[in-house]
2 protein chains.
Amino acid sequence: MGEVHEIPVRSGAGFTLDAGRRLTVIDPRGCQVSDLLAYSRDDVREVISSGRTLDYAETIRLTTGHLLYSNRSRPMLEIVEDTVGRHDFLLTPCSYDTFHHFYPDLPPHRGCFGNLAEALAPWGVTEDMIPVAFNCFMNVPVDGASGKLEVLPPTSAAGDHITFEARMDLVIGLTACSAPASNGGSFKPIHYRID
Amino acid sequence: MGEVHEIPVRSGAGFTLDAGRRLTVIDPRGCQVSDLLAYSRDDVREVISSGRTLDYAETIRLTTGHLLYSNRSRPMLEIVEDTVGRHDFLLTPCSYDTFHHFYPDLPPHRGCFGNLAEALAPWGVTEDMIPVAFNCFMNVPVDGASGKLEVLPPTSAAGDHITFEARMDLVIGLTACSAPASNGGSFKPIHYRID
């Protein structure tokens, strides 16, 4: 088993993941979201796509066995293990602007968006190249009748995890999410491991 | 009232829309989808964002009164009239690859994706810059309990329309959609008008 890396509270990390390797994202204390982005290492204009993935999967509830596709319709990651089964692939990472919108009375924070932009800059990824992220452990139920969505506390408990297998050479951005509502009102670190 | 333009069956159009002007997308025969993309005319790296929009609207059912946001969290379009109330903002435009996936026995078609890429090329928009589109009249119910989504025939009748008011100077891409399931199995033109 690979070494466990810690992403501190309200921060992010960028790293490479070779085709065939496995990335495990662990919620070490429970009830903590981690936004995941993936870019092709050969050409970072190829990026994870919620729209392609939801179209092919025919569900918004992605879990073990589902593929995450790029904007070029190529498989980037396969979910090979998932102890939670509740993740979000509808919403963009929290940012200064989302803090201003949802939490006007709290000190603003650059959020996952700013953390991802900094973490991915060494590979030439800019803010405008950040799409909808795969938000591990984020609990966003949709009411089928009205269409209303809610951001509820994650259902993940301490030690829960989701494991992805890379289908191409990737650059990964990963965070410990910074938004109060997404994380049940408190901020915890995220752990990850590459095997 | 502005002149009515026709987008022929299974094709697309690109045009500019100034801040304050209104774009009306009309389904002239009923049961026909039209994919809409919007880019800032000042910088086409600023583009319509499903993830920002759904986050701020707190619903996947967008209709009159809702704003469509850019990836920079700025309002691009406001929906000011809507005679249908059923549109999709989850899925990417149909493409060669989606035809291969969903209709392996039909002749392949470049779909809305190819049509949008060609229509938007004069403004420097490339295929990789095409995100989830706002799919006018596309009927994609989500089952809240299971997360499953379905692509059903549009509920729009002949003459139904949706009107958007531009909040910034825009480049617009618009199609008459090419995918069988999205359009109840037949392909019709789309009309639009700028006022």
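Here is how names work: the chains are called A, B, and so on, in the same order as the sequence lines, proteins then strands, and each is numbered from 1. Since this is a predicted model, take the numbers as computed values, not measurements.
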NE2 (B:H100) with more than 12 external heavy atoms under 6.0 Å: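 No.
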More than 12 heavy atoms of other groups within 6.0 Å of A:E118 CD: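 Counting neighbours around CD of A:E118, 12 or fewer heavy atoms of other residues, nucleotides or ligands fall under 6.0 Å, so no.
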Is [X] linked to [Y] within one hydrophobic cluster, defined over Ile, Leu, Val, Met, Phe, Trp and Tyr using a side-chain heavy-atom separation of less than 4.5 Å?
X     : Y      : value
B:L36 : B:Y69  : no
B:I7  : B:I26  : no
B:I48 : B:W123 : yes
A:V44 : B:M129 : yes
A:I79 : A:Y56  : no

For A:L54 against B:L90, the heavy-atom pair lying closest together: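 Answer, listing the atom of A:L54 first, then B:L90: CD1-O, 4.1 Å.
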Shortest non-hydrogen contact between A:T59 and B:S146, atoms and distance: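 Closest approach of A:T59 to B:S146: OG1-O, 3.8 Å.
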Select, from [options], the one with the greatest count of heavy-atom pairs under 4.5 Å involving chain A.
options               : answer
B:L62, B:V140, B:V142 : B:V142
B:T98, B:V151, B:V132 : B:T98
B:S50, B:P93, B:S70   : B:P93
B:G51, B:A133, B:P141 : B:G51

Max heavy-atom pair count under 4.5 Å with chain B, selected residue of A:E46, A:E127, A:R45: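 Max contact count across the listed options: A:R45.
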For [X], is it the side chain, the backbone, both or neither that has a heavy atom under 4.5 Å from a heavy atom of chain A?
X      : value
B:F113 : side chain
B:A145 : backbone
B:F102 : side chain

Rounded distance [0.5 Å steps], CD in A:E58 versus NZ in B:K148: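 Answer rounded to 0.5 Å: 7.5 Å.
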Value rounded to 0.5 Å, distance of CG in A:D55 from CG in B:D97: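 Answer for the CG-CG pair, A:D55 versus B:D97, is 11.0 Å.
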Sub-4.5 Å side-chain heavy-atom contact between B:I130 and A:N71: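 With C-beta onward as the side chain, the pair stays apart.
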Donor-acceptor pair, side chain of B:T92 and main chain of A:R52, under 3.5 angstrom: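 Yes: the side chain of B:T92 pairs with the backbone of A:R52.
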Any donor-acceptor pair under 3.5 Å from A:R61 side chain to B:G144 backbone: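 Between the backbone of B:G144 and the side chain of A:R61 there is a qualifying donor-acceptor contact (under 3.5 Å).
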Salt bridge A:R72-B:D128, side-chain N to carboxylate O under 4.0 Å: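 Here A:R72 pairs with B:D128 in a salt bridge, since their nearest N and O are under 4.0 Å apart.
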Part of residues 177-195 of chain B lying next to chain A, heavy-atom separation under 4.5 Å: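 The list, in residue order, is empty: none.
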